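Reckoned from all heavy atoms, side chains included, excluding hydrogens, waters and symmetry mates. Here is how names work: the chains are called A, B, and so on, in the same order as the sequence lines, proteins then strands, and each is numbered from 1. Predicted model, so just to flag it, every value in this text is computed and none were measured.
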Amino acid sequence: GESVGLHLPTLSVQEGDNSIINCAYSNSASDYFIWYKQESGKGPQFIIDIRSNMDKRQGQRVTVLLNKTVKHLSLQIAATQPGDSAVYFCAENLPYNFNKFYFGSGTKLNVKP
Amino acid sequence: NAGVTQTPKFQVLKTGQSMTLQCAQDMNHNSMYWYRQDPGMGLRLIYYSASEGTTDKGEVPNGYNVSRLNKREFSLRLESAAPSQTSVYFCASSENGGNQPQHFGDGTRLSIL
């Protein structure tokens, strides 16, 4: 989920398990969403995106689900690996704010070997 | 595959000093962005450039200026640094603004004493 402040919510999973990371977005008019992965000391890395005319999109080992009714986005990672350990955050884009994304603060994923 | 390159990677300044953060992208993208990231918070947009020759304010522009030098380069200037500007600064680019992923550099870690 989302958090404001110094301490990010943390999800700990065992290697090989599936992970689900959640994001509550703020604006019902948002029509484009992105999930990013950020490793320590690095910039955010694009994982997957979804437009509001879809409710599910799959990539390699990742699936994004969009529930517009409750303004909720989730990222599912299959067979989580130690290399998946990072902070994950979502971003939303409004159609009338074409160049402005709004970013969540993120969830830290710890994968235990 | 350089992508988005930021310099410097680290910098320590004294209050009142000025400096320019450099960003260059080699993906022929039209839109470029500057963000700041503070602990436990989402990325916040400082300024953006939708295309070469244009710049606009984001969410937190006070204390900063930008220059879109050409299509590849977008610099961020702190004229008189303040401790509140201690942060990690990220530059990003996208092909044509919203509804497209933004690609990030690895950041400049700036401390102001």
Legend entry - Euclidean distance, Lys42(A) NZ relative to Asp106(B) CG, rounded to 0.5 Å: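 Asp106(B) CG to Lys42(A) NZ: 5.0 Å, rounded to 0.5 Å.
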
Inset, instruction - Measure Asn96(B) against the heavy atoms of chain A and call it side chain, backbone, both or neither at under 4.5 Å. - result: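 Only the backbone of Asn96(B) comes within 4.5 Å of chain A.
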
Inset, instruction - Side-chain contact test, heavy atoms from C-beta onward, threshold under 4.5 Å: evaluate it for Tyr102(A) versus Arg44(B) and give yes or no. - result: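 Answer no - side chains too far apart.
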
Legend entry - Tyr32(A) vs Pro101(B) side-chain heavy atoms within contact, under 4.5 Å: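 Of all side-chain heavy-atom pairs linking Pro101(B) with Tyr32(A), at least one is under 4.5 Å.
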
Inset, instruction - Ignoring hydrogens and angles, tell me if any N or O in the side chain of Asn93(A) forms a donor-acceptor pair with the backbone of Asn99(B) under 3.5 Å. - result: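 Present.
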
Inset, instruction - Verify the neighbour count for atom NZ of Lys100(A): are there more than 12 heavy atoms of other residues, nucleotides or ligands below 6.0 Å? - result: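 Yes - once you tally the heavy atoms of other residues, nucleotides and ligands closer than 6.0 Å, there are more than 12.
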
Legend entry - Within 6.0 Å of CD in Gln14(A), more than 12 heavy atoms from elsewhere: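 More than 12 within 6.0 Å, yes.
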
Legend entry - Ring centers of Phe104(B), Phe46(A) separated by less than 6.0 Å: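 No, the ring of Phe104(B) stays outside the 6.0 Å limit from the ring of Phe46(A), centre to centre.
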
Inset, instruction - Could you tell me if the ring centre of Tyr35(B) sits under 6.0 Å from that of Phe103(A)? - result: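 Yes: the rings meet the under 6.0 Å criterion.
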
Legend entry - Contact class of Tyr36(A) relative to chain B, heavy atoms under 4.5 angstrom: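 Looking at Tyr36(A), just its side chain touches chain B.
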
Inset, instruction - Please state whether the side chain, the backbone, both or neither of Gln45(A) comes within less than 4.5 Å of a heavy atom of chain B. - result: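 For Gln45(A), there is no contact with chain B at all, as no heavy atom is under 4.5 Å.
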
Inset, instruction - Determine the option with the most heavy-atom pairs under 4.5 angstrom with chain A, choosing from His103(B), Glu59(B), Gln102(B). - result: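 Result: the option with the highest number of such pairs is Gln102(B).
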
Side-chain heavy atoms under 4.5 angstrom apart, residues restricted to Ile, Leu, Val, Met, Phe, Trp, Tyr: same cluster for [X] and [Y]?
X         : Y        : value
Tyr88(A)  : Phe33(A) : yes
Leu110(B) : Val12(B) : no
Phe89(A)  : Phe90(B) : yes
Leu45(B)  : Tyr89(B) : no
Val62(A)  : Ile21(A) : yes

Inset, instruction - Taking all heavy atoms of Pro44(A) and all of Leu43(B), pick out the closest pair and write down the distance. - result: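 Pro44(A) and Leu43(B) have their closest heavy atoms at CG-CD1, 4.0 Å.
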
Legend entry - Closest non-hydrogen atom pair, Gln38(A) against Gln37(B):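 Looking at all heavy atoms of both residues, the closest pair is OE1-NE2, 2.9 Å.
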
